[in-house]
Amino acid sequence: MIDTRAEEMIPIGQAPTHFPGRPNISSIYRWFGKGCRGAKLETVVCGAKRYTSIEAIQRFIEATTANSPGADPQPIRRTSRQREAAIRRAEADLQRAGI
């Protein structure tokens, strides 16, 4: 899930410029709607606009690569920013649970 406070958000229309080969915008819509190779591109909606993040694009590329035929199973490496965001989310979940 996208953490809008910790990830670099971009409008969905700019997403193709952040993928190798600059896929058509219709591919981007298909990837967040139906997915590709068992993975979906994460997006959020704010008002009437849809956004994704640079980090979500990276996760999507890693997931589709891992699910492709002949792919070597490699661990997903998170950046320090992603780790810090995960820690903040976990701490918030614990606080809400009263732990």
Side-chain angles (χ1 to χ4, degrees):
M1 178 155 197
I2 294 177
D3 182 353
T4 57
R5 291 170 287 172
E7 297 185 20
E8 185 179 345
M9 305 302 296
I10 58 169
I12 199 72
Q14 292 178 10
T17 62
H18 297 280
F19 278 91
R22 294 188 65 164
N24 191 287
I25 190 69
S26 63
S27 296
I28 304 297
Y29 278 87
R30 185 172 58 254
W31 293 341
F32 78 71
K34 294 182 179 181
C36 176
R37 292 189 174 138
K40 283 189 175 185
L41 177 62
E42 300 167 55
T43 64
V44 295
V45 176
C46 181
K49 290 198 168 221
R50 186 172 294 272
Y51 297 86
T52 191
S53 70
I54 303 299
E55 294 82 359
I57 290 171
Q58 182 63 37
R59 288 189 295 268
F60 177 77
I61 291 171
E62 290 170 357
T64 55
T65 300
N67 295 339
S68 66
D72 292 331
Q74 296 178 354
I76 295 176
R77 298 176 189 228
R78 296 188 296 177
T79 65
S80 60
R81 179 189 241 179
Q82 290 170 327
R83 280 191 304 276
E84 290 169 9
I87 290 168
R88 283 194 302 275
R89 284 193 303 270
E91 288 173 343
D93 290 344
L94 289 172
Q95 268 189 334
R96 281 193 295 272
I99 298 174

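In this chain, residues are counted from 1 in sequence order.
The two residues Thr52 and Ala15 make their nearest non-hydrogen contact at CG2-CB, 4.1 Å. Between Ala85 and Asp3 the shortest heavy-atom distance is CB-OD2, 3.7 Å. Shown here for Ala56 and Glu7, the closest heavy-atom pair between the two residues is N-OE1, 4.0 Å.
Although no hydrogens or angles enter the test, the distance criterion places a donor-acceptor pair under 3.5 Å between the side chain of Glu55 and the main chain of Glu8. Side chain of Glu91 to main chain of Arg88: no donor-acceptor pair is present (N/O by atom type, distance under 3.5 Å, no hydrogens or angles).
Scored by the side-chain contact (heavy atoms from CB on, under 4.5 Å) test, Leu94 finds Ile99 as partners (sequence neighbours excluded).
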(message) Please evaluate residues Gln58 and Glu62 with respect to the criterion side chain to side chain donor-acceptor pair (under 3.5 Å), reporting the C-alpha separation (whole Å), side-chain torsions for both, the decisive distance (0.1 Å), and the verdict.
(response) CA-CA 6 Å; Gln58 182 63 37; Glu62 290 170 357; 3.0 Å; yes
Under 3.5 Å, sequence neighbours excluded: what are the donor-acceptor pairs made by side chains of residues 19-26?
residue, atom, partner, partner atom, Å
Asn24, OD1, Ser26, N, 2.9
Asn24, OD1, Ser26, OG, 3.1

Pairs under 3.5 angstrom only: tabulate donor-acceptor contacts from the side chains of residues 29-43 to other protein residues two or more places apart or in another chain.
residue, atom, partner, partner atom, Å
Arg30, NH2, Ser27, OG, 3.3
Lys40, NZ, Gly33, O, 3.0
Glu42, OE1, Met1, N, 3.0
Glu42, OE1, Ile2, N, 3.2
Glu42, OE1, Arg59, NH2, 3.1
Glu42, OE2, Arg59, NE, 2.8
Glu42, OE2, Arg59, NH2, 3.4
Thr43, OG1, Arg50, NH1, 2.7

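In the hydrophobic clustering of this structure, Ile61 groups with Ile54; members are Ile, Leu, Val, Met, Phe, Trp, Tyr whose side-chain heavy atoms approach within less than 4.5 Å, directly or through other members. Taken together through direct or relayed side-chain contacts under 4.5 Å among Ile, Leu, Val, Met, Phe, Trp and Tyr, Ile12 and Ile57 form part of one hydrophobic cluster.
Put simply, CE on Met9 and CD on Gln14 are 11.5 Å apart, with the number rounded to the nearest 0.5 Å.
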